[in-house]
Amino acid sequence: MAQDLKDTLNLPQTNFPMRGNLVEREPKRINHWKKIGLYDQIQAKNSEGESFILHDGPPFTNGDLHLGHALNKTLKDTILRYKWMAGYNAPYIPGWDSHGLPIEHKVSRELQDSGRTDYTPLEVRKACAKFADKYRLIQSEQFERLGVTADWANEYWTIHPEYEAAELETFANFVEQGIVYRSKKPVYWSIPCATALAEAEIEYKDHTSISIFVKLRLSEAARTQLDLPDEDSSILIWTTTPWTLPANLAVSVHPNIEYSAIKTQAHGTLIVATPLLDSVTNECKLEGVETVATYLGSQLEKLEARHPFIDRASPILLAEYVTTESGTGCVHTAPGHGLDDYITGINNGLEVYCPLDDKGCYVDDGQVPADLVGLSVLETGNGKPSDANLGVLKIIAGNGSLIAKKKIKHSYPHCWRSKTPVVFRAMDQWFVALDKNGDRARALESLNQVNFIPSWGENRIRAAVENRPDWCISRQRTWGVPIPAFYDEDGGAYIDADVIRAISKKVASSGTNLWFEQTAAEILDGIQLPADWPSADKLKCGTDTLDVWIDSGSSHRAVLQKRPNLKWPADLYLEGSDQHRGWFQSSLWTSVIADKAAPYKNLLTHGFIVKEDGTKLSKSDGAARPLNEWIAGYGADIIRLWICSQDYRGDVPVSDKIVKNVANNYRNLRNTLRFQIGNLHDFDVARDAVPLDQLNALDKWALNELAQLVRKVTEAYDAYEFHRAFKDLIDPFVANTLSATYHDVLKDRLYTRSPNDPLRRSSQTAIHIIFSVFTRLIAPLVPFTADEAWSYAQNDSDFGDQAIALTDWPVVDSTWDDAETASDIRALRSFLSTQLNDRLEALRQQKTIGQSLDAKAIITGNSNDAEFARLKKYEADLAELFILSEVSLIESQEVSELEIEVAHADGVRCPRSWRWVPELVETERWGAVSARCAEALKSI
RNA sequence: GGGCUCUUAGCUCAGUUGGUUAGAGCAUCGUGUUGAUAACGCGGGGGUCGGUGGUUCGAGUCCACUAGGGCCCA
């Protein structure tokens, strides 16, 4: 019979599954979205809306996606889904970046491993393109699996001919402005391979070098300045690369380190960093050492020393990178042979001097001693010093400037191909001058127009813009956009804006491979050459490619400015904080130089994924597993919800524990939706809805709470603070407002009342509104689940007629606001939790009651008491609101404070509603039930 | 070494212009329910706010120093 009675209840009915089973279900929804052309439908719906352009920073296509990609793309997708629902015309063109060393390196390795050594640049490029394409497809599939909705058919790609052409046009613009110049800069150079190497192509191995202490005689003026009477006064340097001595142009000292002038028996007076005195004395076996003076490094600035064997000055300069870890604290500086040296040289106007040819042999430039000309710096192996090293040693030993020498074993860079030690060697490079036309000042100025989220992003990019030297844009690489420069037999370079534009037109149809397929004459065929150029048949194509930051940094010109449905500048760029120095900056420069303004109005940055303990993720960490494994474990919605529950402005910690935590919140969320859908199964708005002003107080309260939620959540979305939207607002709303309060109270009403009972319909009206609004509020965060719930609410099956992404963002209906009722209900519920629940819990522990309906409350109070008055006002609703069987209020002038008593309810328990009532009434079919149930049963 | 930045319960986050016993969700422990049931309710325990020192009648909330993370440079 009990079973029969249960059948008379209006229990929730829905097919919406309690368990998400996202891993299986989500891919079906993706297919559904594709089938209905969701992205296109969204664009069509909003075509007249206000424009909002989020410009996608292109990921590099060289591997599977990881959580970092998911963080970035989820934030973008969440923003766009919100904007789309809010009616913005916001096309989303995803991008891909593919030129560059990581791919070229991997592909070259593969070619070598297959035993090939004779491959041509063109072959490498084709293999790179194939490799890049493979991962472009893999990545786009993985992004789609994450739920990223975009115009995949019209993606942009840095290796597309039209993109390359636009990039070359941008470069032509630079050239036209006269800011592209040629200058030397040191690069790693492999002598056997006759090629420049990138950091990634270098292997550090132990190597035995000859370390030498060499003295550089001070000029007379310097001695006078330092008050050193000894004519044989020198500054002492230490180096492990004797062969770089011919290129020595300076000695660097640290401005804040103390230096000592020491008198020695055999080598005159020497200047050495004071902290290194002991070790130098020891290493050089100096005798009779006596300190005659001390100076601060800064006092030595600009004083002149003389090169040990070439007749020229070697001034003493200041450099912050000088340390006292080894050597003498006085650093041999050859701007053509080291990056630090180079910077010191540039800062002090020194030449970037490098008297080595491509084969690593000294050239005859009138400065290199005749004995050295032609000697090679390459070491032939077996630990034998190079000819150049021996030659230099011979000279300095001969003229007395060599104080000591010793073999040392240390880690030294080697070529990954030839396995020989590499040399650092200055080569001609192309640069873009950043100050010549005032572009740096303009860039800094343009940042004033940009809104930074978070605000400190501005300081970061500003510092980067202020401090970066002129932009070296040439790379000695194959897999990139070629620098359209030509060279004559003597190495003279020719570059011209109009020529580049003409080449760009050819590139637009055939891609930059033409640079590697054709001769200069063929490329220049049909192009008008400037008057001062040699004829095309006398020219050769350069082999340098453009820095890949020019590639992605040109995207605003190649994409935003070229596509009719986009606009420049973008409303938003959104990338990781490393891009302050990367894409944000390269884009800023190209934009400021070519278009005189920043390419973005808003700049949003997020942090990096780290381990739960806050330290960086390494490849071997489980949390570093590929994105598709995470999704296979949890489903995209959980991963997305996890991302959106994090404050992305700082580091974003991840672990299975953290994601599981979110999965728990998700479960609560999902079941709440299920409860609502299930309780609306017999509700037809047109037929059953109750006018809002006639809603029951509790329902009014619920709508009032909803109104506040919509306002706050919308604010949070507008500020891109999704973690607030979720954790501060949505999650507590689900757990507290709905699950623990509203839904819990409503069960009795919804289940036991007659289906058409006005109170039941009142609540269904409210639930209907709440569901409709709430599901839309979470749609950008959990697009799969929201769409699924939306479908089940429509037709109780997986796919409904309308995708939730095509609905409008909810706005507050002012009739939901009812502050007074809401504040009453809130106070009453608070009374329950602070005054009654612990008492009820005590009864439960004593086994006096089980569920709260087994209990009653008796509250005695003074009618002057505000709280008691409020209870009195809602007397008829209290039992329901507290989920008790009975609440009696007793007025008494005797009491000053409320007196509260809870006890087991009186009477008999209604087998249908489980409420305790004074007596049951007999029904024909269902036996004895409470009077209210008997009434409800009449309509069953 | 430099620039920017982060540090509140086991986890993720809130904490307005400095002001009563520092909040939430999840987790945990106990418990009720078996009509949201691999679901839901109720109750309990758990932080003194990275550390130190200041300013103040009073600081998680302002200042200085310091420790430990992160990104980017060197």
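Values in this document were obtained by computation on a predicted structure and should not be read as measured data. Quick note on labels: first sequence line is chain A, next is B, and so on, each numbered from 1.
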From [atom1] of [X] over to [atom2] of [N], roughly how many Å is that when rounded to an integer?
X        : N     : atom1 : atom2 : value
A:Leu843 : B:G41 : CG    : P     : 21 Å
A:Phe882 : B:G41 : CZ    : C1'   : 16 Å
A:Leu884 : B:C42 : CG    : P     : 13 Å
A:Gln585 : B:C4  : CD    : C1'   : 14 Å
A:Arg839 : B:G41 : CZ    : C1'   : 20 Å

Just call it for [X]: base, sugar-phosphate, or nothing, with non-hydrogen atoms closer than 4.0 Å on any strand.
X        : result
A:Leu9   : base
A:Arg462 : nothing
A:His580 : nothing
A:Pro653 : sugar-phosphate
A:Trp642 : nothing
A:Gly607 : nothing
A:Asn467 : nothing
A:Asn661 : base

For RNA chain B, produce a single dot-bracket line, 5' to 3'. Pairs: Watson-Crick or G-U wobble, both distances under 3.5 Å. Symbols: ( ) within strand, [ ] crossing, | other strand, . unpaired. (((((((..((((.....[...)))).(((((.......))))).....(((((..]....)))))))))))).
Taking only residues at least two apart or on different chains, which pairs with a member in residues 450-459 of chain A satisfy side-chain hydrogen bond (donor to acceptor under 3.5 Å, both in side chains)? A:Asn451-A:Asn602, A:Glu458-A:Arg462
Residue closer to the 5' end of RNA chain B, A:Arg649 versus A:Glu612 (nearest nucleotide): A:Glu612
If the plane angle is over 60° it's perpendicular, under 30° parallel, otherwise tilted; pick one for A:His768 and A:Phe683. tilted
Between [X] and [Y], is any side-chain donor less than 3.5 angstrom from a side-chain acceptor?
X        : Y        : value
A:Thr615 : A:Asp613 : yes
A:Asp4   : A:Trp926 : no
A:Ser252 : A:Thr333 : yes
A:His606 : A:Glu575 : no
A:Ser913 : A:Thr752 : no
A:Tyr742 : A:Asp699 : yes
A:Lys657 : A:Asn661 : no

Interatomic distance at [atom1], [N] relative to [M], whole Å:
N     : M     : atom1 : value
B:G30 : B:G46 : C1'   : 15 Å
B:G54 : B:A59 : P     : 12 Å
B:C49 : B:A9  : P     : 10 Å
B:C6  : B:U16 : P     : 15 Å
B:G23 : B:U66 : C1'   : 29 Å
B:U7  : B:G43 : P     : 31 Å
B:C65 : B:A22 : P     : 30 Å
B:G51 : B:G68 : C1'   : 10 Å

Taking the side chain as every heavy atom from C-beta outward, state whether A:Pro59 and A:Lys73 have any atom pair closer than 4.5 Å. yes
Check: A:Tyr717 side chain, A:Leu777 main-chain N or O, donor-acceptor pair, under 3.5 Å: yes
Pair A:Trp642, A:Tyr634 - check ring-ring contact (aromatic ring centres under 6.0 Å, His included), show working. CA-CA 10 Å; A:Trp642 158 66; A:Tyr634 296 95; 9.5 Å; no
Using a cut-off of under 3.5 Å, enumerate the N/O to N/O pairs linking the protein to nucleotides 28-31 of chain B.
residue	atom	partner	partner atom	Å
B:G30	N2	A:Glu841	OE2	3.3

Among B:A27, B:G25, B:A14, which nucleotide sits nearest the side chain of A:Asp731? B:G25
If you check the A:Ala735 side chain, which of B:C26, B:U5, B:A14 turns out closest? B:C26
Partners of A:Ala716 by side-chain contact (heavy atoms from CB on, under 4.5 Å), sequence neighbours excluded? A:Arg724, A:Ala725, A:Leu729
Can you list everything that forms a side-chain contact (heavy atoms from CB on, under 4.5 Å) with A:Val902? Sequence neighbours excluded, please. A:Leu836, A:Arg839, A:Leu840, A:Leu843, A:Ala857
Could you write out each protein N or O paired with an N or O of nucleotides 44-49 of chain B at a distance under 3.5 Å?
none

For residues 734-744 of chain A, the salt bridge (charged side-chain N to carboxylate O under 4.0 Å, His left out) pairs (sequence neighbours left out) are A:Asp744-A:Lys747
Any protein N or O atoms within reach of nucleotides 36-39 of chain B? Criterion: under 3.5 Å, listing atom names and distances.
residue	atom	partner	partner atom	Å
B:A36	OP2	A:Tyr751	OH	2.7
B:A36	N7	A:Lys747	NZ	3.3
B:A36	N6	A:Ser739	OG	3.2
B:A36	N3	A:Asn671	O	3.2
B:U37	OP1	A:Arg674	NH1	2.6
B:A38	N1	A:Arg19	NH1	3.0

So is the aromatic ring of A:Phe726 stacked onto the base of B:G25, judging by whether the centres are under 5.5 Å apart and the planes are under 30° apart? no
Does A:Asn664 get its side chain close enough to the base of B:C26, under 3.5 Å, for a donor-acceptor pair? no
Not counting sequence neighbours, which residues clear ring pair (Phe, Tyr, Trp, His ring centres under 6.0 Å) with A:His337? List them please. A:Trp243
What one-letter contact string describes nucleotides 66-74 of chain B from 5' to 3', where B marks a base within less than 4.0 Å of any protein heavy atom, S marks contact via sugar-phosphate atoms alone, and - marks no contact? ---BSBSSS
Does A:Phe424 form a ring-ring contact (aromatic ring centres under 6.0 Å, His included) with A:Tyr342? I'd like the steps, not just the answer. CA-CA 11 Å; A:Phe424 222 54; A:Tyr342 168 75; 9.2 Å; no
So, using side-chain hydrogen bond (donor to acceptor under 3.5 Å, both in side chains) as the criterion, who are the partners of A:Arg468 when residues are at least two apart? none
For residues 879-886 of chain A, tabulate all N or O donor-acceptor pairs below 3.5 Å that involve a side-chain atom, not counting sequence neighbours.
residue	atom	partner	partner atom	Å
A:Glu880	OE1	A:Arg749	NH2	2.9
A:Glu880	OE2	A:Arg749	NE	2.7
A:Ser885	OG	A:Leu853	O	2.5
A:Ser885	OG	A:Trp916	N	2.7

Would one find a side-chain N or O of A:Asn665 under 4.0 angstrom from OP1 or OP2 of B:G25? no
